[in-house]
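Below is one structure, written out as C-alpha cells, with a few remarks after it.
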Amino acid sequence: MEHYDVIVLGLGSMGGAAANTLAERGAKVLGLETFEPGHDQGAAHGGTRIIRQSYFESPEYVPLLQRAYEGWRKLEAESGREIMELCGGIYIGDPDDITFRGSKEASELHDLPHEILDADEIRRRFPTMNPADDAVAVYEANAGYVRPEETTMANAEVAAKKGATLRFHEPVTHWQATPNGGVEVVTTQGAYGADRLVITPGPWAPQVLPELRLPLSIDRMIFYWFSPEFSDAVPYERYSDAQHPVYIEETHGNQQIYGFPMTDGPAGGLKLGFFRKGSPTTANTIDRNVYDHEIAEMRERALQLFPYLTGPVVQAKTCLYSVTPDEHFVIGAHPLHEQIQIACGFSGHGFKFVPVVGQILADLALDGRSAMLPPTLFDPTRAVLQGA
C-alpha cells in the first residue's frame, strides 16, 4: 500500500485548494475524486459565484475574505486562468433588514470602503433596477465574482505541478482511522495509507461522515438566466460586467435574491436565483429538471427589481447547498479522530472562501492548528451541531 503524508478525499472547490496548499508546503499528497475537475454534480458550477467583503452574515468572516482575495489573485497568477472579476456589488433592502444592515455593519467595523445609496441613486447609477422607493443599499466597489469551474481546474493543475498526485474518476468506497494514528482509504481501484486525512465531501457529507450525524440539510437550488428586453435607454452594456454589479436584494420580506451581470454577452442572459428557497434532497437523488412553475416564480420575483427582465429564459440549472442549522461552516478536526480534518456545510455562501479554506485545512493537517481559523464559529462540535 502506497503511503502519503496527507490524503485529500474530494477534489472539488475546498479539497482542490487544500491539495494545492499542502503540495506547496512540501507534503506528499494524494487527492481522490469521483468525478472530473470542474464537474457539475455538486455545488461548484454554474459559471459564476459572488465574492464580497461587506459581509452581512457575520463580521467575523471579513478577515478571512481579505485573506481569500489574496489567494484568488495568487491562483490566477499560478494557473494563468482568468478567475476573479471585480465589477462591484450592491446589497439592497429595508434599513433594518439583514441584507442592508449587516453589510453596513461589517463595512463600518472593518473600515471597508463603501457607499450608502437611496432608491433614486440606485436607479440613476444602475437603470436596469427599479427598487422599492424606501429601499437603501450598500455599494461595495471591491466585490464581484469568481468562476467556479475555472477555480477547481486551476487548483488541480497547480497542485499537480507542485507534486500532488491527483486521481479523478476514482470513487472512495471506505476510509478508516488506523490503530497507529494514521488512516487508510479504499477506492474502486486500490487502497492507500497516510498519516493524515482531509475530508471535503460537499453535499455527500451525510454519506461520507455518517458517524457524525451532522444535521446538514442538503437542498436542491436553482439558478436561472433570463433575457432582458434591451432598449436605447437600457442597452446591453448597462447589464454587462463593465457597468453592472453583482447584487443581493430583499425588501419588504419579498425573499432574498442574488445574481450577476451578464458575463457571457448579450445572448447569455442575466443570472439570478433565490438564496434560501431550496427543497430537501440528497446528492444522489436530486431532480436535475427545472419546471415551468419554478421559472414562472423566479421571473415574478425578479421583475420586482428588474422591470425589463421580460425576455425568454436562456437556461436554468440545479445545484446543491449543504446547509448547517446556523448557516456557518464546519471546519476542524474530526471529533473522533484527531488525524482527520473535515470541511463541509458551506451553506450556499462558502465558495468565496476557497483559497483561505485550503490554507486552513493545510495548517490543520500539518500543524494541528491554524491561526486563521475563528475559535468557535466553524467548530464541528458546537452545540447547534450536537442537537443542543
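The first residue of the sequence shown is numbered 1, and numbering continues consecutively from there.
Between C344 and L216, the shortest heavy-atom contact is SG-CD1, 4.3 Å. Shown here for M129 and P307, the closest heavy-atom pair between the two residues is C-CD, 4.3 Å. The two atoms that bring W175 and V208 nearest to each other are NE1-O, 3.1 Å, heavy atoms only.
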Less than 3.5 Å apart, which donor and acceptor atoms pair up between the side chains of residues 64-71 and the rest of the protein, not counting sequence neighbours?
{"residue": "R67", "atom": "NE", "partner": "Q359", "partner atom": "OE1", "Å": "3.3"}
{"residue": "Y69", "atom": "OH", "partner": "N142", "partner atom": "O", "Å": "2.8"}

Please report, to 0.1 Å, the donor-acceptor pairs under 3.5 Å made by any side chain of residues 6-21, with sequence neighbours excluded.
{"residue": "N20", "atom": "OD1", "partner": "K162", "partner atom": "NZ", "Å": "2.7"}
{"residue": "N20", "atom": "ND2", "partner": "N155", "partner atom": "OD1", "Å": "2.9"}
{"residue": "T21", "atom": "OG1", "partner": "A17", "partner atom": "O", "Å": "3.0"}

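Q304 and N254 share a donor-acceptor pair across their side chains, judged by distance under 3.5 Å alone. Using modelled atom types, one finds no donor on one side chain facing an acceptor on the other under 3.5 Å when comparing E184 with T178. Counting only N and O atoms by type, the side chains of S107 and S54 include a donor and acceptor under 3.5 Å apart. Between the side chains of H252 and D134, a donor-acceptor pair is found at a separation under 3.5 Å.
If you chain together hydrophobic residues whose side chains sit under 4.5 Å apart, Y247 and L86 never meet in one group. Note: the hydrophobic cluster containing V185 does not contain V29 (ILVMFWY, side chain heavy atoms under 4.5 Å, direct or indirect links). L320 and L209 fall within the same hydrophobic cluster, defined by Ile, Leu, Val, Met, Phe, Trp and Tyr side-chain heavy atoms under 4.5 Å apart, directly or through other members. Follow the hydrophobic side-chain contacts under 4.5 Å out from V330 and you never reach I360; the two are in separate clusters. Grouping the Ile, Leu, Val, Met, Phe, Trp and Tyr side chains by contacts below 4.5 angstrom, directly or via other members, places I286 apart from V290.
For the atom pair OG1 (T318) and CZ (R288), the distance works out to 4.0 Å, reported to the nearest 0.5 Å. Atom CD1 of I92 sits about 4.5 Å away from atom CD1 of I122, to the nearest 0.5 Å. Taking CD1 of I218 as the start and OG of S322 as the end, the distance is 3.5 Å to the nearest 0.5 Å. Atom NZ of residue K271 and atom OG1 of residue T48 lie 3.0 Å apart, to the nearest 0.5 angstrom. Y239 contributes atom OH, which lies 7.5 Å from atom CZ of F306 (distance to the nearest 0.5 angstrom). Rounding to the nearest 0.5 angstrom, the gap separating the CD atom in Q243 from the OH atom in Y236 is 9.5 Å.
Side-chain atoms of E149 come within 3.5 Å of backbone N or O of G46 as a donor-acceptor pair. A donor-acceptor pair is defined here as one N or O able to donate and one able to accept, closer than 3.5 Å; such a pair exists between the side chain of H110 and the backbone of P59. Of the possible donor and acceptor atoms, none in the side chain of R299 sits under 3.5 Å from a partner among the backbone N and O of A296. Formation of a donor-acceptor pair under 3.5 Å by the E76 side chain with backbone atoms of M84 is found in this model. Judged by distance alone, with hydrogens and angles left aside, the side-chain atoms of D94 form no donor-acceptor pair with the main-chain N or O of D96 at under 3.5 Å. No donor-acceptor pair under 3.5 Å is formed between the side chain of S217 and the backbone N or O of D219. Counting only distance, with no hydrogens or angles, the side chain of S347 and the backbone of T324 share a donor-acceptor pair below 3.5 Å. No donor-acceptor pair closer than 3.5 Å links the side chain of R369 to the backbone N or O of L364. Of the possible polar contacts, none joining the S79 side chain to the A154 backbone as a donor-acceptor pair under 3.5 Å is found.
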Trace of the side-chain contact (heavy atoms from CB on, under 4.5 Å) decision for D40 with F35: CA-CA 9 Å; D40 64 355; F35 304 103; over 6 Å; no
message = Apply side-chain contact (heavy atoms from CB on, under 4.5 Å) to residues T99 and E249 and explain how you reach the verdict.
response = CA-CA 7 Å; T99 303; E249 186 259 338; over 6 Å; no
From CA spacing to verdict: side chain to side chain donor-acceptor pair (under 3.5 Å), T188, E170: CA-CA 6 Å; T188 55; E170 187 167 344; 5.7 Å; no
Q: Determine, stepwise, if the pair E140 / Q53 fulfils side-chain contact (heavy atoms from CB on, under 4.5 Å).
A: CA-CA 8 Å; E140 176 188 18; Q53 294 187 358; 3.2 Å; yes
Next item on the list: List the steps, then state whether side-chain contact (heavy atoms from CB on, under 4.5 Å) holds for T151 with M153.
Entry: CA-CA 5 Å; T151 297; M153 289 187 288; over 6 Å; no
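Within the structure, ring pair (Phe, Tyr, Trp, His ring centres under 6.0 Å) pairs that include any residue of residues 12-32 do not occur (at least two apart or interchain). Sorted by first then second residue, the side chain to side chain donor-acceptor pair (under 3.5 Å) pairs that include residues 116-130, not counting sequence neighbours, are E115-R125, D120-R123, E121-R124, R123-N130, R123-D133, T128-H244. Residue pairs meeting the side chain to side chain donor-acceptor pair (under 3.5 Å) criterion with at least one partner in residues 196-213, sequence neighbours excluded, are W204-N284, E211-H334.
In this structure, the side chains of P206 and L214 stay at 4.5 Å or more apart for every pair of heavy atoms. Residues W72 and P355 meet the side-chain proximity criterion, which asks for heavy atoms closer than 4.5 Å. I222 has its side chain within reach of E294: a pair of non-hydrogen atoms, C-beta onward, lies under 4.5 Å apart.
A salt bridge links R101 with E105: at least one charged nitrogen is closer than 4.0 Å to a carboxylate oxygen. We find that R73 and E78 are not joined by a salt bridge, their nearest charged nitrogen and carboxylate oxygen being 4.0 Å or further apart. Using a 4.0 Å cut-off between charged nitrogen and carboxylate oxygen, E250 and R301 do not count as a salt-bridge pair. With respect to E85 and R147, no salt bridge is recorded, no charged nitrogen being found less than 4.0 Å from a carboxylate O. Between R25 and D5 there is no salt bridge, since none of the side-chain N atoms of the basic residue sits less than 4.0 Å from a carboxylate O of the acidic one.
The hydrophobic cluster around F56 extends to I50, Y91, I98, F100, I116, V136, V138, Y145, M221, F223, W225, V246, I248, Y258, F260, F275, V314, Y321, V323, counting ILVMFWY residues whose side-chain heavy atoms fall within less than 4.5 Å of a member. Grouping Ile, Leu, Val, Met, Phe, Trp and Tyr residues whose side-chain heavy atoms lie under 4.5 Å apart, directly or via other members, leaves V186 alone, with no other cluster members.
Qualifying side chain to side chain donor-acceptor pair (under 3.5 Å) partners for D287, counting only residues two or more places apart in sequence or in other chains: N289, Y291. The side chain to side chain donor-acceptor pair (under 3.5 Å) search around D264 returns none, not counting sequence neighbours. For S279, the side-chain contact (heavy atoms from CB on, under 4.5 Å) partners two or more places apart in sequence, or in a different chain, are R220. A search for side chain to side chain donor-acceptor pair (under 3.5 Å) contacts involving D292 returns nothing, not counting sequence neighbours. Every residue meeting the ring-ring contact (aromatic ring centres under 6.0 Å, His included) condition with Y61, not counting sequence neighbours, appears here in chain and number order: Y55, H328, F329, H349, F353, F378.
For the pairing with E57, the salt bridge (Lys or Arg N to Asp or Glu O under 4.0 Å) check across R52, K352, R276 returns one residue only, R52.
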